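Take a look at the structure below.
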Amino acid sequence: MRKEFLPFTKPAINEDDIQAVTDVLRSGWITNGPQNAALEQGICDYTGNQYGVALSSATAAMHILLKAMNIGPGDEVVTPSMTWVSIVNMIVLAGATPVFAEIDQDTMLVTPETLKAAITPRTKLIVPVHFAGAALDLDGLRAVAGDIPLVEDAAHALGTYYKGRHIGSTGSAIYSFHAIKNITTGEGGMFVTDDKALADQIRLWKFHGIGMDAFDRQNRGRSPQAEVLQPGFKYNLTDICAAIGVSQLKRLNQINAKRRELAMLYREKLAEIPEIRPLADPSGYDFTHAWHLFVVRVDTPKIDRNAFMAKLKEQNIGTGLHFRCAHLQKYYRETMGFRAGMLPATEYNSDRICSLPLFPAMTAGDVGDVAEAIKTVLAHA
Ligand SMILES: *Cc1c(COP(=O)(O)O)cnc(C)c1O
């Protein structure tokens, strides 16, 4: 058995990241300023989109997106139930109704067919997820969406390409820099869009509804005369955080290459273990996976997923659960009447998935240890 615990993830922090933070701390300007501007420009350059607004989280981006789009009671927002609950929470807190699109059972992605089934005359926004870092069929989804705005939840998808272009290169997308994402700022997020009016709205909502945020290159600070145009939130990112992102972005391709290498090794090793089924790649279009997560389904009568995770932990292997479906969580069941059986492919996965360790500092030996531990757990189940 493995001697040292292998966590499910670990942020890829290096000395350059640490230096970038200390530089900000010594600079005399620690909240949003030049590092925010650099991160916004960096993400625009990387994704190919035009306007970037750095935020304190992807959840904050979703919150103010709903505000900026004036979505509220009577409106429906389509998203998968297999997503991080914060997106669903924001929809409900806006007073709108979440409508859950089913996913494909083997890729865990929303498809044009499942999206179509979720759209009604009340649908005001569609937020599909590039789950685990695989690309959604954007052309197919956009064709079904028609005039209804579609904003990509790209929290897993920095480094994901669809038909040769980075996802979020046109339209609007939300990225997350939470501690476990492919690059991190500790906590943080980014809204990117090619719609200048929407970008301006998001920027307004993120900082008190004041015409500009707290840093102006010319003034080193905003004009004290700037006034509230509408009440807004306080969702800006500090430069202490942004600096980590700027530094990490330089290594994103390297980080993702390592993730890919480890994922391919997992696929090879798990091919010998039929009880543990990795996700399938979507077919019918060309894409590049960002390998945010390596998700497997525990699909055997020998042991259920929860016991599997507990037994792996005893073998010193950490795992994650991304995600328990939203519609069957207590609040949503009890207040919105969602029931088991409504979304069979989502529920199949919600009951069986777990995320195996995947982070750039892992070695091929670590992947081998995970495979060996899985075999041991199954042999004793
Ligand atoms: C992480 C995540 C989010 C939220 O990101 P935060 O920056 O933590 O708010 C949203 N959607 C998905 C699919 C995520 O994995």
Side-chain angles (χ1 to χ4, degrees), residues 8-9 11 36 39-40 43 52-67 77-94 98 100-101 103-104 107-110 125-136 138 141 150-160 167-168 172-192 202 205-206 233-238 241-242 244-245 248-249 259 279 289-295 319-327 329 346 349-350 353-355 358-359:
F8 136 73
T9 191
N36 265 253
L39 187 59
E40 289 172 349
I43 294 292
V53 183
L55 294 145
S56 54
S57 69
T59 305
M62 183 64 187
H63 189 188
I64 56 180
L65 172 68
L66 292 163
K67 287 288 182 189
V77 179
V78 174
T79 197
S81 171
M82 181 53 72
T83 187
W84 179 229
V85 286
S86 74
I87 297 297
V88 184
N89 288 344
M90 291 304 112
I91 296 167
V92 171
L93 286 172
F100 295 120
I103 50 172
D104 176 88
T107 64
M108 293 179 72
L109 297 170
V110 171
L125 174 65
I126 297 163
V127 187
V129 181
H130 294 283
F131 193 85
L136 292 156
L138 286 171
L141 295 178
L150 185 154
V151 173
E152 298 163 57
D153 181 337
H156 298 179
L158 257 182
T160 301
I167 59 94
S172 303
I174 297 172
Y175 296 95
S176 170
F177 309 127
H178 173 260
I180 77 164
K181 304 291 154 77
N182 288 32
I183 64 166
T184 186
T185 59
E187 297 283 358
M190 178 85 62
F191 184 80
V192 301
I202 300 280
W205 278 103
K206 95 163 181 179
F233 297 102
K234 183 138 193 291
Y235 283 158
N236 54 314
L237 185 68
T238 72
C241 294
I244 308 172
Q248 293 227 319
L249 189 54
R259 287 180 169 277
L279 297 185
H289 206 305
W291 288 111
H292 170 56
L293 297 170
F294 195 92
V295 174
T319 50
L321 206 179
H322 308 92
F323 303 99
R324 277 190 64 193
C325 59
H327 72 288
Q329 301 203 19
T346 297
N349 281 293
S350 183
I353 46 177
C354 77
S355 306
L358 183 64
F359 56 93

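Everything numeric in this text was worked out from a predicted model, so none of it was measured. In each ligand, atom 1 is the first atom listed, and ligand 1 is the first ligand listed.
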Is the backbone N or O of [Y] less than 3.5 Å from a side-chain atom of [X], with the two atoms forming a donor-acceptor pair by type?
X      : Y      : value
Lys181 : His292 : no
Asn182 : Ala290 : yes
Thr59  : Ser86  : no

Taking atom CG of Leu39 and atom CG of Leu237, what is their separation to the nearest 0.5 Å?
-> 7.0 Å
Who's the nearest protein heavy-atom neighbour of [atom], and how far?
atom                    : value
atom 7 (O) of ligand 1  : Ser176 OG, 2.7 Å
atom 15 (O) of ligand 1 : His156 NE2, 2.6 Å
atom 14 (C) of ligand 1 : Lys181 NZ, 3.3 Å

Below 3.5 angstrom, do we get any N/O pair linking Trp84 and ligand 1?
-> no
Quick check: does Ala58 get an N/O under 3.5 Å from an N/O on ligand 1?
-> yes
With Val151, which of Val77, Ile126, Leu65 fulfils side-chain contact (heavy atoms from CB on, under 4.5 Å)?
-> Leu65
Is Gly188 near ligand 1, meaning one of its heavy atoms is under 4.0 Å from it?
-> yes
contact_flag Phe323 ligand 1 heavy-atom lt 4.0 Å | yes
Could you go step by step and tell me if Thr160 and His130 meet the side chain to side chain donor-acceptor pair (under 3.5 Å) rule?
-> CA-CA 8 Å; Thr160 301; His130 294 283; over 6 Å; no
Examine the proximity of ligand 1 to [X] and report which part, side chain or backbone, both or neither, has a heavy atom under 4.0 Å away.
X      : value
Tyr175 : neither
Ala155 : side chain
Met62  : neither
Asp153 : side chain

For the residue pair His327 and Phe100, categorise the inter-ring angle as parallel (less than 30°), tilted (30 to 60°) or perpendicular (more than 60°).
-> tilted
For ligand 1, which atoms have a heavy atom of His178 less than 4.0 angstrom away?
-> 8 (O)
